[in-house]
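All remarks here apply to the structure that follows.
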Amino acid sequence: MDLTKYENIFTHESERYLKELDDLLMKAEEDVGNRNLWSEIHGKIHSIKGMARALSLDKITDLSHSMEDWCKEFQQGTTEATSNAVQLLFKGSNLLRVLVARKGETDYYETQRRYNSLHAHLKDGPKAWKDKAHHESPPLSPSTPEGINQIRVKYSLIEELLGLSQEILISERRLPTLSHEQLNPGLKSWLDHYRSLMKGLYFRLAQLRLMPVGDFADLFVKTIRDLSKQHNKGIRFEVIGGEVQADIALLDRLREPFMHLIRNAIAHGIESPEERVSSDKATEGTITLEVRRQRNSLIISIGDDGQGINRSAITRHLRDTRTMTDAQIQAMSQEEFFNTILSPEFSSSSETTDMAGRGIGMSVVAQAIEYLGGSMTIRSEPSKGTEFIIRLPLSLSVIHAVTFEMGTYTLSIPTSNVESIGRREHLSPEDIASSYDFRELLGVNGGGEVLYTLKLRHLVEKNGHNRKDGDIKLVVDRIIGNRPLMVMPVGELLAKVRLFAGVGIMENGDISILLDVENLPQVQSSSIGKSIND
Amino acid sequence: MIVADKAIEYVTFKAGDEYLGIETLYIHRVVEEVNVTPVPLVPTCYMGLMYYRGEVFGVVHAGSLLGNSEATVGETPRIIVLKWSNKKLALVPDHITGIWRVEDNKGGKASFRFQDYTVRIVTPEEIWEKVSGLSYGPHEV
């Protein structure tokens with residue numbers, strides 16, 4: 001198992017605790033008898049010890065433990081704290097900082113010597129230290145703080161910076177029109193440079209909103225541990241593709257739904273260790289969170305290797321509530337069948353038995369995902385496990401898209417989905433004949449002259465069918481160009497249209513709707529999008 | 001301005017032939033000179049999207065939403081940006097008439113007299129439900 005990621009978290013968190021510990025020790029210097037303060041100091045050291053122990057960093061664990069013992073005595077009042085004691089704990093904090101940076105190794109002679117000396121003093125206890133006129137270990141010379149290469153920033157500050165930079169971009173539009181004489185080459189050059197800098201700033205700020213999905217997954221580690229203890233089940237949590245980045249706002253909206261899925265997986269999916277052994281499975285169950293990009297979607301799946309969703313509760317519900325016959329139920333696709341648990345009436349069903357447990361609250365999960373303009377598919381096999389596959393528009397990445405106009409609408413299709421763009425005069429009669437004119441669908445007065453055609457690359461439709469490259473051709477009025485777009489979620493209202501993959505923000509702050517190319521073939525095949533020849 | 005503990009403030013505006021009031025608690029900002037980008041396949045009252053300070057808002061014409069025949073929009077409309085719970089929406093009134101303070105609305109009255117007209121109190125949730133219940137997407141030709 002690769003512990004690097006956890007070691008990095010340990011280092012990052014320990015540095016934070018050590019900074020807080022130093023602040024508290026400085027307060028204790030002024031107020032040595034304050035037991036509440038010692039309780040707080042104890043808490044910080046205890047946190048570092050806990051993390052170090054989880055990673056088997058024994059020297060850090062032992063040193064922290066010894067420092068903790070001192071804090072307990074001061075906290076309980078069994079020994080009176082002194083400023084000398086505070087100084088020794090400062091030395092402990094400094095040494096912990098060194099050890100944390102070196103992942104617990106005392107490979108340097110000097111560090112080992114300091115460790116031995118300090119540990120020995122701490123082991124003697126605060127009473128023995130109090131009687132000493134001065135301590136024997138050499139004074140630690142104040143060290144220069146390490147270079148700052150990372151800071152914590154409030155998300156709200158990033159939002160504010162983004163908003164301000166956007167306002168600057170927008171206010172540029174209110175620049176009065178300058179005459180030829182006023183707009184001399186020097187001024188023009190300055191303005192062009194200024195615009196370019198502002199756009200660059202805006203886009204870089206926008207990328208501050210991205211975080212690796214793996215970091216998001218780490219938020220659930222402790223919860224999974226707590227739930228596994230609560231249910232007396234061994235659970236292993238795996239993350240695949242955690243380096244893929246996604247918008248913090250999107251991930252924040254997924255917190256509750258994911259929590260729900262994980263809770264359900266542990267409570268109802270994964271079997272007890274005894275049951276697993278009797279089914280020839282490993283004692284420990286596994287929950288896997290996998291992230292990948294597929295074209296212009298972010299696919300996040302949460303799966304377990306448990307007993308699978310019990311079909312009988314779903315079948316019973318379909319018979320009783322939807323009055324479906326066995327034959328009708330048999331005819332349902334796997335996806336339709338399991339998606340029953342997403343419906344509100346199933347979630348609120350009075351059949352809240354363990355069997356139906358997986359369904360409780362699932363409609364809330366489905367709503368949250370729909371709000372983000374996404375969709376969810378459920379796969380489950382008896383005794384093998386269950387997987388929830390969530391597909392979301394790649395929100396807040398910067399993607400390149402071909403942006404075009406249809407009437408008054410500015411729309412985009414990801415460049416990766418566009419095979420070619422043809423001007424009317426260069427199109428073959430067959431191309432023109434087989435192009436789809438969605439302008440009437442959009443309520444645009446068109447349907448006349450074909451100006452440009454976008455040929456789309458091969459698509460995998462939502463029903464699993466593959467389309468050949470160039471199968472779908474869209475007629476458009478005007479091509480704006482190949483533009484970088486910052487894609488944001490469509491939101492609950494526009495998600496109802498089912499043709500939009502996201503809201504694209506162009507460099508100048510203008511909006512372009514990103515079309516869901518994987519849904520276009522369904523609109524085409526329903527003959528709503530008419531062929532030019534119709 | 002010092003507001004009494006129990007006082008509630010409402011932004012009042014005209015929407016067609018009606019005057020409406022929304023509690024200032026729900027009003028994030030009132031903006032102007034922000035572009036609204038039209039969006040296809042949405043109800044008539046849904047004017048489009050605006051991008052403001054890093055967020056995208058759906059923009060709805062208040063008068064058209066309420067089916068008021070006399071609804072109009074000025075050339076550079078002021079837009080009321082609403083935020084509540086985890087939702088947001090921008091509303092375009094015919095014009096904003098003012099801010100009106102009610103000393104005590106414990107009774108939860110649905111309307112008040114303000115100057116020469118009656119103001120109906122609405123909540124963002126009511127507006128949302130109305131917008132959400134409309135038809136979106138392609139229709140069969």
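These numbers come from a predicted model, not from an experiment. Note on naming: letters A, B, ... go to the chains in the order of the sequence lines (proteins, then strands), and numbering restarts at 1 for each one.
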request  = For atom NZ of B/Lys87, decide whether the heavy atoms of other residues, nucleotides or ligands shown that lie under 6.0 angstrom number more than 12.
outcome  = yes
key: Option that, when pairs with chain B are counted at under 4.5 Å, heavy atom only, ranks first among A/Ile513, A/Leu494, A/Val503   = A/Leu494
ask   = Which bit of A/Ile511 comes within less than 4.5 Å of chain B, counting heavy atoms only: side chain, backbone, both or neither?
value = both
request  = May I ask you to test the B/Pro40-A/Leu411 pair for a side-chain heavy-atom distance under 4.5 Å?
outcome  = yes
query = Can A/Asp510 and B/Thr37 be said to form a side-chain contact (heavy atoms from CB on, under 4.5 Å), step by step?
reply = CA-CA 8 Å; A/Asp510 285 348; B/Thr37 302; 5.8 Å; no
key: Point-to-point distance, once rounded to the nearest 0.5 Å, from CG of B/Leu134 to NZ of A/Lys496   = 9.0 Å
ask   = Is it the backbone or the side chain of A/Leu161 that comes under 4.5 Å from a heavy atom of chain B, or both, or neither?
value = neither
task = Can you see which heavy atom on A/Thr408 is nearest to which on B/Pro38, and at what distance?
result = O-CG, 3.5 Å
request  = Could you check which of B/Leu89, B/Val131, B/Leu49, B/Val42 has the highest count of heavy-atom pairs closer than 4.5 Å to chain A?
outcome  = B/Leu49
inquiry  = Less than 4.5 Å to any heavy atom of chain B: does that hold for the side chain of A/Ile505, its backbone, both, or neither?
reply    = side chain
note = When rounded to the nearest 0.5 Å, the distance separating CD of A/Glu492 from OH of B/Tyr136 is 9.5 Å
